[in-house]
Amino acid sequence: MLVEKSVNNGVISGYNKNFSIIQGDNFYYNFNVLNNNGEPANLSGFSGFAVLKSSYGATGIIANFNFLIIGDTTGYCQINLPHITGIPVTKALYEVEITGDNAYHKKCLYGNFYIQPEL
């Protein structure tokens with residue numbers, strides 16, 4: 001299980017973070033989204049999503065993460081994939097986007113997602 005709190009400037013631009021996990025594990029990652037002033041972003045009225053893909057430009061999705069805004073006014077969020085069993089051993093890519101009114105989409109996290117075999 002991975003639990004980590006990381007600060008990123010997701011409202012301004014994406015933050016790169018790579019993960020390596022083992023098949024069958026539970027994956028959780030907590031993070032804060034900051035505004036242009038470096039303060040916690042107010043995410044009231046916003047939502048988001050996170051996906052796992054095989055490669056850049058891939059149209060298919062390997063898995064959808066659960067995405068939670070835990071603190072509307074504090075910018076505190078979580079992505080998770082409980083009990084990763086149906087996903088093959090692979091080097092995949094993930095991205096997390098915050099969405100809002102007027103077709104607002106902003107990538108706040110992205111990177112490599114390595115799934116290692118169980119021993």
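Under the 3.5 Å distance criterion, the side-chain polar atoms of N112 are left unmatched by any main-chain donor or acceptor of N18. Side-chain atoms of Q23 come within 3.5 Å of backbone atoms of I87 as a donor-acceptor pair (strictly under, hydrogens ignored). Panel note: side chain H83, backbone N26; no donor-acceptor pair is recorded below 3.5 Å.
With sequence neighbours excluded, no residue satisfies ring-ring contact (aromatic ring centres under 6.0 Å, His included) with F67. Under the side-chain contact (heavy atoms from CB on, under 4.5 Å) criterion, I70 pairs with N30, L68, Y76, Q78, not counting sequence neighbours.
The list of salt bridge (charged side-chain N to carboxylate O under 4.0 Å, His left out) pairs with a residue in residues 43-52, not counting sequence neighbours, is empty. Within the structure, side chain to side chain donor-acceptor pair (under 3.5 Å) pairs that include any residue of residues 53-70 comprise N66-N80 (at least two apart or interchain).
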Only pairs under 3.5 Å count here: list side-chain donor-acceptor contacts from residues 41-48, not counting sequence neighbours, and write none if there are none.
from : atom 1 : to  : atom 2 : distance (Å)
N42  : OD1    : S44 : N      : 3.0
N42  : OD1    : S44 : OG     : 2.8
S47  : OG     : T99 : OG1    : 2.8

Under 3.5 Å, sequence neighbours excluded: what are the donor-acceptor pairs made by side chains of residues 88-98?
from : atom 1 : to   : atom 2 : distance (Å)
Y94  : OH     : K17  : O      : 2.6
Y94  : OH     : Y110 : O      : 3.4
E95  : OE1    : K107 : NZ     : 3.2
E97  : OE1    : H105 : ND1    : 3.1

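If you look at F113 and F27, their ring centroids are closer than 6.0 Å.
No continuous path of ILVMFWY side-chain contacts below 4.5 Å connects I62 to F49, so the two sit in separate hydrophobic clusters. I61 and F65 fall into different hydrophobic clusters, defined by Ile, Leu, Val, Met, Phe, Trp and Tyr side-chain heavy atoms under 4.5 Å apart, directly or through other members. Criterion: ILVMFWY side-chain heavy atoms under 4.5 Å apart, direct or through other members. Under it, I69 and F31 are part of a common hydrophobic cluster.
Closest non-hydrogen pair, C77 versus V33, comes out as SG-CG2, 4.3 Å. When all heavy atoms of G111 and N16 are compared, the closest pair comes out as CA-ND2, 3.7 Å.
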L81 vs I21, test: side-chain contact (heavy atoms from CB on, under 4.5 Å). Steps then yes/no.
CA-CA 11 Å; L81 272 175; I21 62 163; 5.8 Å; no
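Taking CG of L52 as the start and CZ of F19 as the end, the distance is 11.5 Å to the nearest 0.5 Å.
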